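Below is one structure, written out as structure tokens; the observations come after it.
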Amino acid sequence: MPEGPSLVISKEALQPFKGKKVIRCTTTANIDAHLFIHKKVVDITTWGKHLLICFPHQTIRIHFLLFGSYLINDTRAITPRLHISFSNGFVNFYTSSIQLIEQPLDDIYDWSADVMNEQWNEKAARKKLREAANREIGDVLLDQQIFAGVGNIIKNEVLFRIRVHPESITGNIPPAKIKALLKEAVTYSFEFLQWKKEDVLKKHWLAHTKKTCPRCHIPFIKKYTGKAKRRSFFCTNCQLLY
DNA sequence: GCGCATGTTAACCA
DNA sequence: CTGGTTAACATGCG
């Protein structure tokens, strides 16, 4: 569930509820479910890994973290963290982080940072990369203020595709590689989206969880890298350390 | 049956 | 105040 493309899938699945009024709402999160009764959903959108259910004056922010899930017109045995019913169906969110947003979304979200958003702005990202010059590129790819929606799978796949070692210092990476990085972060995210929809995502992994480099046929290194200490799978032969 | 993982935040500590 | 580490959350899979 958790990476950006999966959030896009959830957003698309929930579109039938856009424009509908809430009939029933219950939550175990620390927000007042009554705020939304009889209110109309004016939009359902995403920013990175955030799913945003927008009402005229408030927004419910759902973050699936590692284990979150949702069901539409279906229920599991455990109590949902959030349930919302409409005249045309209902949705249940499980084990998710639910927050209430009171500010206008444009005040708090930089839409140009979201790799899945049509407002994604490569130039803005390149500027942020210059400011991140002394950080490891593996950490930088996971930075939601720069690459909102990118998660650990996308990180590993993008770095393998552009042949860059995850522990490379961002400022040392040549401009042509930075250009490739910016392109591939978006391209791979949309391929991820398509493969996820077709339920063939894992089949297309070249690096993530893999034991051997498909190019060099030598063993991948598995290492918890960077300040994020997230799993990196990489080939020390074909992924250059800058 | 154990250990771990597509994530984030808060608490804690030096 | 800062930076770093750890815990917490809670589920499913190999």
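Small disclaimer: the values here were computed from a predicted structure and weren't measured. Naming convention: chains lettered A, B, ... in sequence-line order (proteins, then strands); numbering from 1 in each chain.
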Quiz item: Which ones in residues 137-160 of chain A lie close to DNA chain B, meaning a heavy atom under 4.0 Å from one of its atoms?
Solution: A/Gln144, A/Gly151, A/Asn152, A/Ile153
Quiz item: For A/Asp110, which of A/Gln119, A/Gln144, A/Lys128 qualifies under side-chain hydrogen bond (donor to acceptor under 3.5 Å, both in side chains)?
Solution: A/Lys128
Quiz item: For A/Ile78 and C/dA10, what is the distance between atoms CD1 and C1' respectively, to the nearest whole Å?
Solution: 9 Å
Practice problem: Can you tell me which stems involve DNA chain B, if a stem is defined as three or more consecutive Watson-Crick or G-U wobble pairs, both distances under 3.5 Å? | Solution: B:2-5 with C:11-14, B:7-14 with C:2-9
Quiz item: When you measure from the side chain of A/Arg76, which nucleotide among C/dC9, C/dG12, B/dT6 comes out closest?
Solution: C/dG12
Quiz item: Which of parallel (below 30°), tilted (30 to 60°) and perpendicular (above 60°) describes A/Phe86 and A/Phe17?
Solution: parallel
Self-check item: Note: A/Arg126-A/Glu122 ion pair, threshold 4.0 Å (strictly below)
Solution: yes
Self-check item: Test: A/Arg76 cationic atom under 6.0 Å from A/Tyr94 six-membered ring centre, within 45° of axis
Solution: yes
Practice problem: Check the angle between the aromatic planes of A/Phe192 and A/Tyr188 and answer parallel, tilted or perpendicular using the 30° and 60° thresholds. | Solution: perpendicular
Quiz item: Rounding to the closest angstrom, what is the interatomic distance between B/dC4 and C/dT6 at atom P?
Solution: 15 Å
Quiz item: In whole angstroms, how far is the C1' atom of C/dA7 from the CG atom of A/Leu66?
Solution: 15 Å
Self-check item: Same-atom distance (P) from C/dA10 to B/dA11, integer angstrom
Solution: 16 Å
Quiz item: OP1, OP2 of B/dG3 versus side-chain N and O of A/Arg231: anything below 4.0 Å?
Solution: no
Quiz item: Are A/Phe190 and A/Val200 linked, directly or through other ILVMFWY residues, by side chains that come within less than 4.5 angstrom of each other?
Solution: yes
Exercise. Examine C/dA10: is either OP1 or OP2 under 4.0 Å from a nitrogen or oxygen in the side chain of A/Arg81? Give yes or no.
Key: yes
Self-check item: Contact list for DNA chain B against residues 220-229 of chain A - heavy-atom distance below 4.0 Å
Solution: A/Lys222, A/Tyr224
Practice problem: Pick the P atom in B/dG1 and in C/dC9, then give their distance to the nearest Å. | Solution: 23 Å
Quiz prompt | A/Lys155 versus A/Ser232, side-chain donor and acceptor atoms under 3.5 Å | solution = yes
